[in-house]
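See below for the structure under consideration.
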Amino acid sequence: MAAIKEKEKRPGKPPGKESQPLIIAKTPAEEQRLKLERLMRNPDKPAPIPERPKEWNPRAPPEFVRDVMGSSAGAGSGEFHVYRHLRRREYQRQDFLDKMTEKQKMDLEYIDKVAQNQQAADERTAKRKKKREKLKQRKNMAKKAKEEATKGQDLEKSSSSEADDQDGEAEDDAEAPSFIMGKR
């Protein structure tokens, strides 16, 4: 009985917590699901967000090389390996610099292309705006012309209606309407 109590009182585990069954993820999606479930068990606990890995940089070349060596046949067998490592490191550094130069060149090309696309879009927008303004102006001119025409007709009607009124009084006596408006 004492052995059972000792097992229950493990130093690393808090009392009352049951152990979770071991689940092995078979797919990356299942692994992701398990991680999310573990995070969601305790939502108050902050989630670990890993830092972005630093970009690899080669070691800078030495400013002053004291023992200059070559790959000549007279060098000792131990010196060749030192030379080989220095050469490999220098080639890595040069490749890195070439890649960085290429990346900067591509970034500049991308920025130029974005600027050109923006300029072309602005030109198209300005052209379409000008076309819309022109169309709007034509509609306004047509509307004004129509209003002026209707005003002119109204003036003609009013001047002709005055003449018609004088003539119409004589006609009203002469002719009676053949229909009656109103009740049907």
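On a predicted model such as this, the values are computed, not experimentally measured, just so you know. We count residues from 1, following the sequence as given.
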Handout entry: K103 and D107, any side-chain heavy atoms less than 4.5 Å apart
Key = yes
Handout entry: Nearest-0.5 Å distance that lies between atom CG in L34 and atom CZ in R38
Key = 8.5 Å
Handout entry: P48 to P50 - nearest heavy-atom pair and separation
Key = O-CD, 3.7 Å
Handout entry: Q94 versus D98, side-chain donor and acceptor atoms under 3.5 Å
Key = no
Problem - Pairwise side-chain contact, E30 with R33, heavy-atom cut-off 4.5 Å (strictly under) - result: yes
Practice task
Could you walk me through whether R138 and M141 pass the side-chain contact (heavy atoms from CB on, under 4.5 Å) test, one step at a time?
Solution key: CA-CA 5 Å; R138 283 185 186 166; M141 293 296 284; 5.6 Å; no
Exercise for the section: Quick one: pull up NZ in K146 and CD in E148 and give me the separation to the nearest 0.5 Å. Expected result: 13.5 Å
Handout entry: Residues, nucleotides or ligands: over 12 heavy atoms within 6.0 Å of F96 CZ
Key = yes
Handout entry: Cationic N near anionic O, under 4.0 Å, K151 to E147
Key = no
Completion exercise
Interatomic distance, CZ@R132 vs CG@L135, rounded to 0.5 Å, equals 10.0 Å
Handout entry: Within 6.0 Å of CD in Q137, more than 12 heavy atoms from elsewhere
Key = no
Problem - Q92 side, atom CD; R59 side, atom CZ - distance, nearest 0.5 Å - result: 10.5 Å
Practice task
Have a look at L86 and tell me which of R89, E90, R88 forms a side-chain contact (heavy atoms from CB on, under 4.5 Å) with it.
Solution key: R89
Problem - Salt-bridge contact E37-R41 (side-chain N to carboxylate O under 4.0 Å) - result: no
